[in-house]
2 protein chains.
Amino acid sequence: MNKAEKNVHRDYKKGYPSPSLQRLPLYLRQLKQYQREGVEKASCTRIAQDLGLISVQVRKDLSMTGIAGRPKVGYNIDELINRIESFLGWDKQRKAVLVGAGALGGAILGYAGFVEHGLSICAAFDVDENKIGTSIRSCPVYSLDELEKFVEQNQIVIGIITVPQSVAQLVTDKMVKAGIRAIWNYSPVRLNVPSNVVCETVQLSSSFAVLSSKVKNMLAEERKNGEQLKE
Amino acid sequence: MNKAEKNVHRDYKKGYPSPSLQRLPLYLRQLKQYQREGVEKASCTRIAQDLGLISVQVRKDLSMTGIAGRPKVGYNIDELINRIESFLGWDKQRKAVLVGAGALGGAILGYAGFVEHGLSICAAFDVDENKIGTSIRSCPVYSLDELEKFVEQNQIVIGIITVPQSVAQLVTDKMVKAGIRAIWNYSPVRLNVPSNVVCETVQLSSSFAVLSSKVKNMLAEERKNGEQLKE
DNA sequence: TAAAAATCGATAAAAATTTATTGCTTTAAA
DNA sequence: TTTAAAGCAATAAATTTTTATCGATTTTTA
């Protein structure tokens, strides 16, 4: 590691293990499922079983939220849900805008789940004249030129980027200039943001790489076993 | 960890570190960028710098593919691209079907990048009469009833699931029955698949959880600093 | 042609994450 | 009322992943 590399800006104060954070929504969904089924308490053993994990991991993950469980019984589901939601800040609505009203943008606007996560997408922006003035899933689409004004007037915190990679940095700069504090990036490029803005990039290809590797392993394994049979 | 937990089916022969696998598409994109710029060689130092990583990590990741670099020079870009692609099996097309021709399904069908990753989505399936018979981004949409026949006749390997969570397991079972060997799941539920089928789930909420945590940390940090100023 | 600089490859160390262990507490059953 | 079982909490161990170090190799410069 050379001197320059040591100064790379990586995470905004890490705090909690990222793998644990990523499992929280999993727990949340399962807990809400229990709620619908009328169950009131859940143990780590039960949760782990239903999610294909192991109990200690669940226990450790949940302990991030400060919840206290009772031996032989488990956690109170309602309380646990509240704890997780407030831990993630999902108990209060955070206003967002989305730039890039294409297919992917539309899919995100259409995903009702995010509302439950405190994400309130107030408006979409695009440069396509055919889209400007319309609504996508009851979210108005405005001209990108109006982004800055809108963000300022409506105190928007989060910006979602669903534009082609060629313009992703441009859009980012506009968002930062307008006062956006957090960027959820669906384009595959690494965005440059100042240190007072946080950014999280969704890499759909990463997930496909993992699947591809599994497929390769599976096929290789089968070839090997096939050969063994021949011998 | 109890006895039951020890038998949980987790990964299909792990093999390579998942974080490393997930970074490969990142390298690939950057390398293709170099190609477009007419560059022929790249060192880990350079790649790391451009991606915000450190050189040793890049070197270790790339070593998975068996590439050999030259000191003081780096790797031949064309060769490295080939290595990564063949390592992931992206050098040959793998046929896929997609079930759930909604907004998210449409977005995936529309993402040209996957074609470069050897993913050839041959057909989409849905239960909506209005969609059946149409084409989404030049991909025909058929009735879900025809899934099994289509998969068998066309030797489809990969199934992509973009249906509501309530029917995700149902669709999975259909896919498995039809002979699908790998499932790329965009629904938030854990799918039950037999051990000869691999599965990878994309959790968009996970990414949002990480962003949310960063936002919380950022705001907390600012409050703290604000208080310090007052004192 | 020798010395210096860059960087690879391999190995070692450190850090992060997962899993195991232990003791204590609560509930339920004998 | 005692005993057994389940499960939380905390701590320790193991594993995985990241980062550092070192010697060797190639290129460039003096």
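Each chain gets a letter, A, B and so on, in the order the sequences are listed, and its residues count up from 1.
Across all strands shown, C:dT1 is found opposite D:dA30 as a Watson-Crick or G-U wobble partner, with both distances under 3.5 Å.
Residues B:Ala42 and B:Lys60 each lie close to DNA chain C; by heavy-atom proximity, the contact nearer the 5' end of the strand is made by B:Ala42.
When each of D:dT18, D:dA9, D:dT21 is scored by its nearest atom to the side-chain atoms of B:Val56, the top-ranked nucleotide is D:dT21. Closest to the side chain of B:Cys44, out of C:dC8, D:dT21, D:dT17, is C:dC8. For A:Ile54, the side-chain atoms get nearest to C:dA20 when compared with the rest of D:dA9, C:dA20, C:dG9.
A straight line from CD of A:Gln22 to C1' of C:dT17 spans 13 Å, rounded to a whole angstrom. If you measure from atom CD1 of B:Ile47 to atom P of C:dC8, you get 8 Å, rounded to the nearest angstrom. The separation between A:Gln49 atom CD and D:dG7 atom C1' is 14 Å, rounded to whole Å. As a whole-Å value, the separation of B:Leu53 CG from D:dT17 P is 16 Å. At whole-Å resolution of the value, NZ in A:Lys41 and C1' in D:dC8 are 14 Å apart. The distance from atom CG of A:Leu80 to atom P of D:dC8 is 11 Å, rounded to the nearest whole Å. Rounded to whole Å, atom P of C:dG9 lies 16 Å from atom CD of B:Gln57. Atom CG of B:Asp61 and atom P of C:dC8 are 13 Å apart (whole Å).
Using a 4.0 Å heavy-atom criterion, one finds that A:Arg23 contacts the sugar-phosphate atoms exclusively.
Counted by atom type alone, A:Asp173 and A:Gln169 present one or more donor-acceptor pairs between their side chains at under 3.5 Å.
With sequence neighbours excluded, the residues forming a side chain to side chain donor-acceptor pair (under 3.5 Å) with B:Tyr27 are B:Asp61, listed by chain and number. Legend: residues meeting side chain to side chain donor-acceptor pair (under 3.5 Å) with B:Glu116, ordered by chain and number and at least two apart, are B:Lys32. Residues satisfying the side chain to side chain donor-acceptor pair (under 3.5 Å) test with A:Gln203, not counting sequence neighbours, are none. Listed by chain and number, the residues in a side chain to side chain contact (heavy atoms under 4.5 Å, CB included) with A:Ile67 are A:Leu62, A:Thr65, A:Tyr75, A:Glu79, A:Leu80, A:Arg83 (sequence neighbours excluded). Scanning for side chain to side chain contact (heavy atoms under 4.5 Å, CB included) contacts around A:Ala209 gives B:Pro25, B:Leu88, B:Trp90, with sequence neighbours left out.
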Using the 3.5 Å cut-off, write out each protein N or O paired with an N or O of nucleotides 4-6 of chain D and the distance between them.
residue, atom, partner, partner atom, Å
D:dA5, N3, A:Lys72, NZ, 3.4

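Phosphate proximity of C:dT11 to B:Arg59: absent, as no side-chain N or O sits under 4.0 Å from OP1 or OP2. Within the 4.0 Å cut-off from OP1 or OP2 of D:dT16, not a single side-chain nitrogen or oxygen of B:Tyr16 is found.
Between A:Arg46 and A:Asp50 there is a salt bridge, with a side-chain nitrogen of the basic residue lying less than 4.0 Å from a carboxylate oxygen of the acidic one.
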